[in-house]
Amino acid sequence: DVLTRVSEFVPEIIEFVQKIIENGYGYVSNGSVYFDCATFDASPNHSYAKLVPEAVGNLDALVEGEGELSVSNERLKEKRNEKDFALWKASKPGEPEWDSPWGKVGIVTWVD
């Protein structure tokens with residue numbers, strides 16, 4: 001068996017997230033990086049709902065995927081749109097953290 005740790009690929013993940021931002025589909029807010037669902041969906045080359053069309057606008061699906069914190073008042077204030085989701089969250093005291101162009105980041109939210 002091979003065990004791959006996300007922490008072994010932080011530079012590559014930073015590069016990937018930076019490209020998302022450069023392409024206009026991500027933004028930094030309060031030290032976290034969010035995916036801009038509306039901008040992505042407005043692009044003629046993309047459809048955000050392509051994989052799971054029934055999940056569009058479904059906050060229950062967002063909570064299931066990102067956790068209860070995704071719809072807390074604090075998190076909603078950081079987002080441009082309630083449907084946006086975190087690509088990388090700012091680190092909190094006591095959590096693992098890595099240097100990034102956006103400051104100290106902690107949890108990569110889209111990988112297990």
Side-chain angles (χ1 to χ4, degrees):
D1 289 353
V2 176
L3 178 64
T4 302
R5 298 185 187 278
V6 170
S7 58
E8 296 173 0
F9 296 94
V10 169
E12 291 88 347
I13 296 169
I14 288 173
E15 216 174 288
F16 183 75
V17 171
Q18 187 63 39
K19 285 191 187 290
I20 292 172
I21 294 169
E22 289 169 6
N23 287 332
Y25 302 124
Y27 60 94
V28 179
S29 178
N30 202 29
S32 295
V33 181
Y34 290 93
F35 188 82
D36 190 331
C37 294
T39 300
F40 184 82
D41 202 37
S43 170
N45 299 322
H46 303 294
S47 171
Y48 180 70
K50 191 174 198 176
L51 294 177
V52 188
E54 64 275 10
V56 172
N58 183 339
L59 289 182
D60 290 336
L62 181 63
V63 170
E64 182 182 330
E66 193 179 341
E68 193 65 39
L69 290 175
S70 65
V71 292
S72 69
N73 284 334
E74 181 183 333
R75 286 287 180 227
L76 288 175
K77 288 178 187 175
E78 291 182 2
K79 299 178 178 186
R80 293 180 182 166
N81 184 307
E82 66 182 9
K83 297 174 193 169
D84 295 351
F85 58 90
L87 294 170
W88 214 331
K89 292 185 181 175
S91 64
K92 294 180 183 174
E95 289 183 346
E97 62 182 27
W98 294 270
D99 289 321
S100 80
W102 321 289
K104 297 281 187 187
V105 290
I107 300 168
V108 179
T109 61
W110 45 273
V111 294
D112 280 336

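Nothing fancy with the numbering, it's 1 onward along the sequence.
A pairwise comparison of heavy atoms in N81 and A38 identifies ND2-CB, 4.3 Å as the closest pair. Looking at every heavy atom in both residues, W102 comes nearest to V33 through CD2-CG2, 3.7 Å. A pairwise comparison of heavy atoms in G24 and T39 identifies O-CG2, 3.3 Å as the closest pair.
How far CD1 of I14 is from CZ of F9: 14.0 Å, rounded to the nearest 0.5 Å. Separating the CG atom in D41 from the OH atom in Y25 is a distance of 10.5 Å, to the nearest 0.5 Å.
Applying the side chain to side chain donor-acceptor pair (under 3.5 Å) rule to D99 yields the partners K104; only residues at least two apart in sequence or on another chain are considered.
Relative ring orientation between W98 and W88 is described as tilted, the plane-to-plane angle lying within the 30° to 60° band.
Under the 4.5 Å side-chain criterion, counting only non-hydrogen atoms from C-beta, Y27 is in contact with K79.
Using modelled atom types, one side-chain atom of S32 and one backbone atom of A90 make a donor-acceptor pair closer than 3.5 Å.
Residue pairs that meet the salt bridge (charged side-chain N to carboxylate O under 4.0 Å, His left out) test with at least one member in residues 14-39, sequence neighbours left out, are D36-R80.
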